[in-house]
Each structure stands twice: as structure tokens, then as C-alpha cells.
Protein chains: 2
Amino acid sequence: MLLLRRCHSLTRFGLLNTQRHQVTPAVVSCAVRLWSSSSEDGGSYQRAHGPSWRHGLAGLLAGTGAVLAYGLHHHKAEQQDSSTVQTIEKTSAFPIISQKEVTTHRSLEHGIWVTFKGGVYDITKFVAMHPGGNKILLAAGGALEPFWALYAVHNQEHVLEMLSEYKVGELSAEDVKKQKAIKTSDPYSTDPERHPALHINNLKPFNAEPPPELLSDSFITPSAIFFKRNHLPVPQVDAASYHLHIEGLPGGVLTLSLEELKTRFPKHTITATLQCAGNRRSEMNKVKQVKGLNWGIAAISNATWGGARLRDVLLAAGYSPDVAQRAFHVQFEGLDKDVTGTTYGASIPLNKAVNEEGDVLLAYEMNGEDIPPDHGYPVRAVVPGTVGARNVKWLGKIIVSTEESSSHWQQNDYKGFSPGTDWDTVDFKSAPAIQELPIQSAITVPTDGAVVDRSSEEVTVKGYAWSGGGREVVRVDVSLDGGKTWQVAQMRSSEKGQAPGPSPPPGRAWAWKLWEVTAPLPAEAQELEIVCKAVDNSYNMQPDTVPPIWNLRGVLSNAWHRVKVKIREDDDEE
Amino acid sequence: MLLLRRCHSLTRFGLLNTQRHQVTPAVVSCAVRLWSSSSEDGGSYQRAHGPSWRHGLAGLLAGTGAVLAYGLHHHKAEQQDSSTVQTIEKTSAFPIISQKEVTTHRSLEHGIWVTFKGGVYDITKFVAMHPGGNKILLAAGGALEPFWALYAVHNQEHVLEMLSEYKVGELSAEDVKKQKAIKTSDPYSTDPERHPALHINNLKPFNAEPPPELLSDSFITPSAIFFKRNHLPVPQVDAASYHLHIEGLPGGVLTLSLEELKTRFPKHTITATLQCAGNRRSEMNKVKQVKGLNWGIAAISNATWGGARLRDVLLAAGYSPDVAQRAFHVQFEGLDKDVTGTTYGASIPLNKAVNEEGDVLLAYEMNGEDIPPDHGYPVRAVVPGTVGARNVKWLGKIIVSTEESSSHWQQNDYKGFSPGTDWDTVDFKSAPAIQELPIQSAITVPTDGAVVDRSSEEVTVKGYAWSGGGREVVRVDVSLDGGKTWQVAQMRSSEKGQAPGPSPPPGRAWAWKLWEVTAPLPAEAQELEIVCKAVDNSYNMQPDTVPPIWNLRGVLSNAWHRVKVKIREDDDEE
């Protein structure tokens, strides 16, 4: 808590946009074209692109917020990004210190010293304030560079300014030379190329979402623009040598090759929507700064997944109902690792995993092809109806356990709190880990700030709606007047022109619905405030407004979605 | 459709209250005494009680609670308990007083009179000393017996001695006789007697709810004050000749006597909250007239139910997973009939009925006793997590079917619609029958319009929270300033003083939670707008306001609950 609290001052809104300029052109050249010239104010960027964008990426929102905050929380980075960062000015006022001397300062008792670009820093007093917690101690007595390479958030001017306050000396020239000889390799250098249409919220690790109007174009989201939410570098997994380990069951450890997973168990196919807990976080940021990536409305996508049922694999590994008397969770470990070797991890309740109607997959196919690297190649968990964070990618290990995953992401992240809870008072143990997500919907077309000509006489509004836990969306209400009056949208649950399949059984509606309504332009209005809200078959409704559901991590942002649209009278066209 | 539309004119709010005046004294004499003179505006009842109510039932807290909790917990509703109690000596020294006269003494201003065993008592001066606080006012103008039946603690000699000090007269012989007399040819004449504390929304069929402040007193609602929602007269069922028929399964019709139901299947006990779809409908009526009984916030209660599992009975009747390929619903038929012989009916999804974790009961016990007539004697369906309407009482027949129940209540009632849908446009086929209910909470203490003294320095707010589908309530936020700032309430999931049981497994949290928060009175405020909102473990939240969830049947009313409370400055007390 303490650490998180102290980092509050580092996570101010204004600091965040700096990071956009760090995009490496070679990696996502198109993205650079889209974003590198954005001004500090994301909003003005949209205006700069003129009318064509007003109907388009305008909705991608003012990037703002939580890029930095996210980084502070998860600490990822990369060294060459720091080329854009001011170098600390050297001064001869400091003594020359050897690496050997630095190495002796590796404990709070003897002080914590680190080096950075030839400077020596005594950060003993800073340790307690470090937003990344004790991980800073991994660098004790050594260089910061390799760690900052993983946690790109450090590559900002104000971080360096802070560091400079702790300077105690200059590293000897000889030791500087030695350091340079050791190549700091970029752990993200093997990340795959991405589609240039994606709106990048963070580059390392890669986090990006598609433009909303593309999202609602297809019932099945093409994998290339399916939102990407990585916590760490994409691991390079060799399918031929890949093995999945299943532990914690009476049969001992079961190890399966990819081939065995594909051939020993029947292939099961489901269409399921995944949504990031932080989808629509940017709306919370407008209320008050939260920590996290500044997602727009498109950290949600829908795909068809093929794979073995987790239930079948657990049964093969020795699961029987007796196990449920002592074990309540199924933990997943990814093959993606941080610099300390810690893997991404999460868990789901055992009953979701083993229930015949839970439909949890160990998926090796996405939209009819091998799962792409960004989505978990070769095998990921697909836990339909459950927050994206539990759909662990690059799955390496499954553990049936009495306990939830002990990972940071299960214990100290991805939980909801009262709007009155801040970083001084939060107790992560007091809230359950997010599993099923609440009812959600958003407007993808038109985008906020769009202009509709009076002569068009009507406006078409499109969007998506989905609810967690397999609860089917049964209605979407749309208002053109800010919520005073409502009409019911048409919904579709298949690709355009295709007949929808049979209704899913109760509790197994895993896929979103796309919806659309065309309404006459109100005669008097000069501006429309378009609002949508969805209802699921438990008749859960979305809350009206953002502030009462605001929470310090900016998760679970599911208030009514609102966009404002101007009506241009024909006279204005001159 | 047509029929429903036509009945519109019969069900206006104004007429509902008129109906209160139709209460037949012979049937519920006590209730009449309590309510027959209540004004058209139900809210004014409390206000009519003057200053004592202004302290808001907030004051009920301290000390008094334990005694009452004891009484509620043991809820001896049997009159015969009073046989252990000394009979009050009659004396001719007292004047004869009519019930009519007693009824006029229902406020501190006009005095608080009550009757007990033919005696009339002016307890005005005792009210402030009553260990149970203002609850004594519930009996004002009427008989003490029904309340003492609920609170067994009164059945002690010293209590009667105290009471005798306040004697002012003898109840007229005629009124004593009336109290005892009953019987008409009315189909409702065999309806059971009810507890006078109940707030009657409709007499025939009987629909009533307990006073909110009683509701939150006990985790398990005493059966006598458990909300009553009958659609038809209470049928007289002879337990000895009772038979339950199970149809639609390969084994043919299975017929079970009550004895067989009790002995052939293991008894399963669950604590589950039932809620009427129309709970809190009165708040929708304030927005715009809806059709339906004008329920307050107490059409919800919590009980412990014992019975056979429906799953076990269906298996015995020939259910196998194959059946689920062709049948999707389980229909229930009640033994309660209208004048045409049509029985009450409803259905639930088959997977809820047969799932091991569905916990659907064919219950023959409520709170450890035979189910009372109003709650379905001798057998009712208890479908935890599901709207009250599907928990069919006086169960006569169970049919496994490809179709939902064809009953009016399944097809053309108990469904939710958009606020834009009216009786001219509604298509009942377009909406699913309500099954699981959404997240809900309400404030039971203080009541709207209560007054808190500045000198008390703090205010205690109490209420309940519950969600359908077995989703556990994980947090209740309370605001004293209309929703601007929030604090988190303490929750309890057991009787006061008892340790709560282990957390329910995921998806099986069938019981509500009671909650409480004590907060300092804001220094500047003259009035508090107290608001509550709950969150379940799917992180579903309640909508902020009523108008956007308004629907023509006034069901699913689960917006934030709000009560206004005045703060009386000490100066005002003069």
C-alpha cells in the first residue's frame, strides 16, 4: 500500500503523453503515422485531422491517462527509449566510485546504491517510496539500465530528475566501459508486428485496441485487430517442444505436448467475447485520475476459439468430484516472464473449470487458425464470461489448488473498490478478484464529436453489448436526448447477412451482440447526446454515471456510454 | 395484451389504497386497527406519529436490539405461550371503551393506547421507556397480543405488572367478540390470520410486507412477518391426502405423498432470500403510474427452507441428461385456483432445476417448522436466486417440458421492458420471463422523513442487500450527501452475535446480507440524503436513478435507494 500511495505523485495526467513520442518507428510505423504527431492534448489531435476523422478515430479518445500509471504499477520498460530522455548532466563535484564499492551497498543496512549512465546513486531513502515496490532491490549494487529496459515507464524526465537527487558519485571510467560492453538486449525485440490500425495504449508491453467503428463492423473480430493486452514480452514458444503441465490432482503431474492436447481430447469450439477489466477506463480518468492504461471503448473483442475443454483435461489428470471438497481454484501460469523470472498468473474458481456448462477451453485455435503470438500461441485459457485477465495466454502450467493464484494480478490488481477508497485506504484483501464481468455496452458509431448533416434526416447508431457469466443481452436502449427518452435497438448475434444460430442455453451466452438503431433527427435539436444502456437476462442494468462507480484502478467502467453529435444545418454547409 | 390493457383503469395507485378500507374486520381485525385509518398517502402514517418518529428509527439501535433479536429469532407466534403468563385481573372500576375510541389514540399527541386481553392501556408515558424503542408504536390503537406473540420476551410477569399500571379501561364486550369472530362465504374467508405489523398492499388476494425496520432486525425473517405475495386465495390443503405429481419424464407420472417426499429423499436445507419482482415498485409509481401493487422496500425476506431437492425427485422420476436434449423447462403448478379453476403457474429453466449447484427445493419446512399456509403449506418450490414468482407455493404438479409455463404470470407478466414501451406498444413475447433478479439494496433505518438530533452527533444507517443468481453481495456503499461521497458499510450474513457460516461456494450465495454504517453527522448539513448501492461478485451495480429503468409493470425497481433525514439543531428542541 505504502508504495502505491507514494507513487501517486508520479502518475499525474500531464506526464503521460510524453510517452507517446517514444514509439519506435521501425516497430509500428503506421501507428507512428497515426500518433506521433499527436499533441499533448489528444483531443486536439482529432481536430487536426479534419472532417474525415471526425467520424472516425475521433472516438479513440484523448489518449491521456494511465499509460504512465500502468507502467508504474507494472513497471515495464526499455532502454533505447531513453534516447528521447534528457541525459543527466555530469558534474565533477562528485567523487569517483568504483563498481566494487557500489556492489557493497546492497542492503538497507549498508545502503542501497545503484548506477545509471555512469552516475552512482544512493537510493536507500527512496526504496520505501518506489512505486514498483521491492523490485527495486533487484538492482541494488548494480545498474538500473537492464531493469528500466523492461519497465519503460522510467524513461521520463521527472523520473530522472528524482534520481538525480540521490546522486552520490561518478562511476569510474573503467567500470563505465565494462558496463557498456554488456549488451542490454530488448526483451520486447521479438514481439510480433501488429496491425497499424490499432490504437496503441502502451508499446512495451504491447497494449492496443482497434478503432471502434471497425469493431462493430464484424461480429467475429479479425484476430489482427482483436484488442491486445500483454503484461510482459511475448514469449517465443516452440510448438514442437511445447508442454503443458497439469498439477495438483490425485493422478500426479500430467504433461501434454501440443499434439497430445489436440489428439487426446475432443475439439470444442465456442464463440466468446473477451473484455479487459480496464475497458472504458478513459471515462473514469475524466472524473479523476486512476492508475492503468487509458483504454477507450474497444478493449473488447469477439472470436471463435477452438481447443480442448479444460474439464476433459482435468478429468484425464485425475479430477473427480472428491477433489472439489478440498480444492476450490484452478491456477494458470503463463510462459511470459518478467526480469526476475516471475510468470504471469491468474486463477478461476474450480466449479467454473469443471462444470460441463462452463465451457472453459485450452484453446489452440482462434478464428480457425493457430492462435497468433499476441493472443497466446500455442495454447491459452479461454474462460468465457470471465474478465480477460483470467484468460491466461502462453499457458505453461495449470494447478488445481486450495488457494487462488498468488500472483500480483490476482491478489493486488483487477479488483473493484468503492469510489471513496483511495491508495491510502485500499485493502486489496477486502475485495474479490474480478471474475465474471457486469453488463456492458458502448456506442461505436457515431463517434464523439461527429457531425451529422440535417439533410440526412436520420442518424444511425451502432454499438456492442455484452455481459459476463454467460448472461445473454436481452435489450439495448438508445437515447438521442441524453437519457430522457429511449428506443429499443435491433440486435444481431451473427455476421451480417447470416442467420443467427440457435439461442445459447441459459447461462452460456458467451458472445456479444452488435446492435443498431436508425432514428429521425429531432427537428429542434442542434446537438444530440446519444446514450446507450444494455440489459442482460438477469435484468442487470448499467449504472447511469461514472463518478459513483469510479475506483482507483479504473476497472469495471460500465456506466451508460454517451457521445455527443452536432447537427449541421444545411445553411452551415456554405 | 388487450385484457391487461383494459385492467389499467382498475389498478391505479389511488385505488389501491382505497382497497385498504375494504379490509374485513373479521378477517384481520388487528390489521384493520393498525391500518384502516391510515391516510391515502401511506407515507403520512409515520409522519402522523409525530416527534417520536422524528428520532428516526435510527434510535432503535443500542441496547434494545438484543432483546428484540432474541424475540425475533425465537419468534413464538403461538398465542398459547401466553398461558404461562398471569392473567390480568379485571375490575369494574374501569370505564368501558370501544375499539373505535382506542383507534383514535395512535400518536403521542393524542396518546398511545393499546388493548391486551380485553383491557385498554394508555402507554403514552411508557413509550420512551420501552426497551424495544419505537417499535411499540406499531401496536398503537390496536392489540398487543400479535406483537407479543412475535417477541416472546414480553411473556413475563413483571412485564404484565408494568402494563397494569397503565390501564385506563375495559374493551367493550362487542369489540372483544369481534376480535374473536370470523367466517364469511368469501373465497378468502379461509385465508389464515396475519400478523398486524404487516403493511397490507392488497387484502384479497393477500399481499403485505413487514415494516422495514423489523426486516433488518433479524437475518432470518420470522415467518409471521415474511412478506406475503399471494395471487389467489390460500388453498386449504390436507397434508394427509396431499399428493405431488411429476410429469414429462420417461418414467411416466410419479406421484408422491407428503410422507414419501419427506422420507424417500434426503432433506436439504438452505437459507435463501425471496424477493417479489415488484419490490420497491412505489418508487416507480412516483415517476409515472405503473400497474401493480404498490410495494415499498420490504417485498423481500430471508428464511431457512428445508425439503427434498428437486434434482433428486426428477432423477427418481426418470430424469437423465438425455432429457435435456429435448426439454428445457420445468413447470410448476400451484393448488391455488381462480374462479375458473385456473391454477397459478410458472416455470424455470431445466438446467437450474437439475444442476447440483442449483439448490432448488421442494420445501416442506420454513424456519424449522411446517411451511405456514401463506407460504405454501404443505409443499412449495424454493428456487434460490430466482424471482419470487417462480417459487410456486402449494405445489401440485411439476412438468418437465419443451416449453415454458403457458400461464399468464410466465407469459404476460413478470417481464421487463424499456422505459419507452407503453401498453400500446408492448409485446410480451419480446422480453424474457424474469428468472434471476439483479443486484438490490435498500435502507431500512432511518425511514424517509425521519429527524435526527444534532446532539446525537452521528447517524446509524441500516439495510439489506441481495443479488439474484447466487451472486454474493461483496460491498455496500452508503452516501449521506445524495451520492457525492461514499463510505463502505459493514455487512453481516448471520444472526446478530452469531459467527457467520463459511462463505457460500461461488454462484450459491442465496441469502441476503444485512448491513450497517454509523457516521458522524456532517457539521453544516441541515438535511441528509442517504443513499445506498450494492455490488455483487460479478461487480454488477445498481442503476443511479429510477426513470431510466421505469417499466410499465413496475418490476425490477433496483435503483439506488434514497431517504431524506432532517437534522434538528439543539436550539430547535425548545
Side-chain angles (χ1 to χ4, degrees), chain A residues 277 321 324 328 349-352 355-357 385 387 415-421 430-432 434-439 467-469 471-472 474-477 479 483-488 505-508 531 533 535-545 547-549 555-556 558-560, chain B residues 277 321 324 328 349-352 355-357 385 387 415-421 430-432 434-439 467-469 471-472 474-477 479 483-488 505-508 531 533 535-545 547-549 555-556 558-560:
Chain A
F328 313 106
L350 178 64
N351 68 341
K352 170 70 177 173
N355 194 310
E356 286 190 79
E357 299 176 348
V387 63
K415 296 185 171 190
F417 295 95
S418 173
T421 300
S430 70
I434 300 171
Q435 296 284 351
E436 294 180 2
L437 285 171
I439 180 73
S467 188
R471 290 180 284 280
E472 187 175 4
V474 297
R475 200 181 78 234
V476 176
D477 295 331
S479 171
K484 288 188 199 75
T485 62
W486 300 89
Q487 49 200 302
V488 178
R508 294 167 83 178
V531 187
K533 65 181 172 82
V535 183
D536 69 25
N537 65 353
S538 297
Y539 283 100
N540 279 298
M541 322 269 181
Q542 296 177 245
D544 309 17
T545 58
I549 61 167
V555 290
L556 304 157
N558 75 329
W560 301 353
Chain B
F328 312 108
L350 178 64
N351 68 340
K352 171 70 177 172
N355 193 312
E356 287 190 77
E357 298 175 347
V387 63
K415 296 184 170 190
F417 295 96
S418 174
T421 300
S430 70
I434 300 171
Q435 297 283 350
E436 293 180 2
L437 285 171
I439 179 74
S467 188
R471 290 179 284 280
E472 186 175 3
V474 298
R475 200 182 77 235
V476 175
D477 294 331
S479 172
K484 287 188 199 74
T485 62
W486 300 89
Q487 50 199 304
V488 178
R508 294 167 84 178
V531 187
K533 64 182 173 82
V535 183
D536 69 24
N537 65 353
S538 296
Y539 283 100
N540 279 298
M541 323 268 181
Q542 296 177 244
D544 309 17
T545 58
I549 61 167
V555 289
L556 305 156
N558 75 329
W560 301 352

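Numbers restart at 1 for each chain; the letters A, B, ... are given by sequence-line order, proteins then strands.
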Quiz item: Within the side chain of Asp477(B), is there an N or O that forms a donor-acceptor pair under 3.5 Å with the backbone of Trp486(B)?
Solution: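 Not at all, since once roles are kept as given, no pair shorter than 3.5 Å links the two residues.
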Heavy-atom side-chain proximity of [X] to [Y] below 4.5 angstrom:
X         : Y         : result
Asn558(A) : Ile439(A) : yes
Asn355(B) : Asn355(A) : yes
Asn540(B) : Arg471(A) : yes

[X], part contacting chain B, at a heavy-atom distance under 4.5 Å:
X         : result
Ile434(A) : both
Thr485(A) : neither
Lys484(A) : neither

Practice problem: Go through Val555(A), Val474(A), Asn537(A) and name the one with the most non-hydrogen pairs under 4.5 angstrom from chain B. | Solution: Val474(A)
Practice problem: Sort out for me which of Gly469(A), Gly483(A), Ser467(A), Pro438(A) touches chain B most, counting heavy-atom pairs under 4.5 Å. | Solution: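 The candidate making the most pairs under 4.5 Å is Pro438(A).
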Specify which of [options] makes the most heavy-atom pairs with chain A at under 4.5 Å.
options                                    : value
Lys352(B), Lys533(B), Gln542(B)            : Lys533(B)
Ala431(B), Pro419(B), Pro349(B)            : Pro419(B)
Ser430(B), Pro543(B), Pro505(B), Gly416(B) : Gly416(B)
Val387(B), Thr545(B), Val488(B), Thr421(B) : Thr545(B)
Gly420(B), Ala559(B), Ser479(B), Ser538(B) : Ser538(B)
Met541(B), Glu436(B), Glu472(B), Gln487(B) : Glu436(B)

Quiz item: Roughly how far apart are Ile549(B) CD1 and Tyr539(A) OH, rounded to 0.5 Å?
Solution: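 With rounding to 0.5 Å, CD1 (Ile549(B)) is 13.0 Å from OH (Tyr539(A)).
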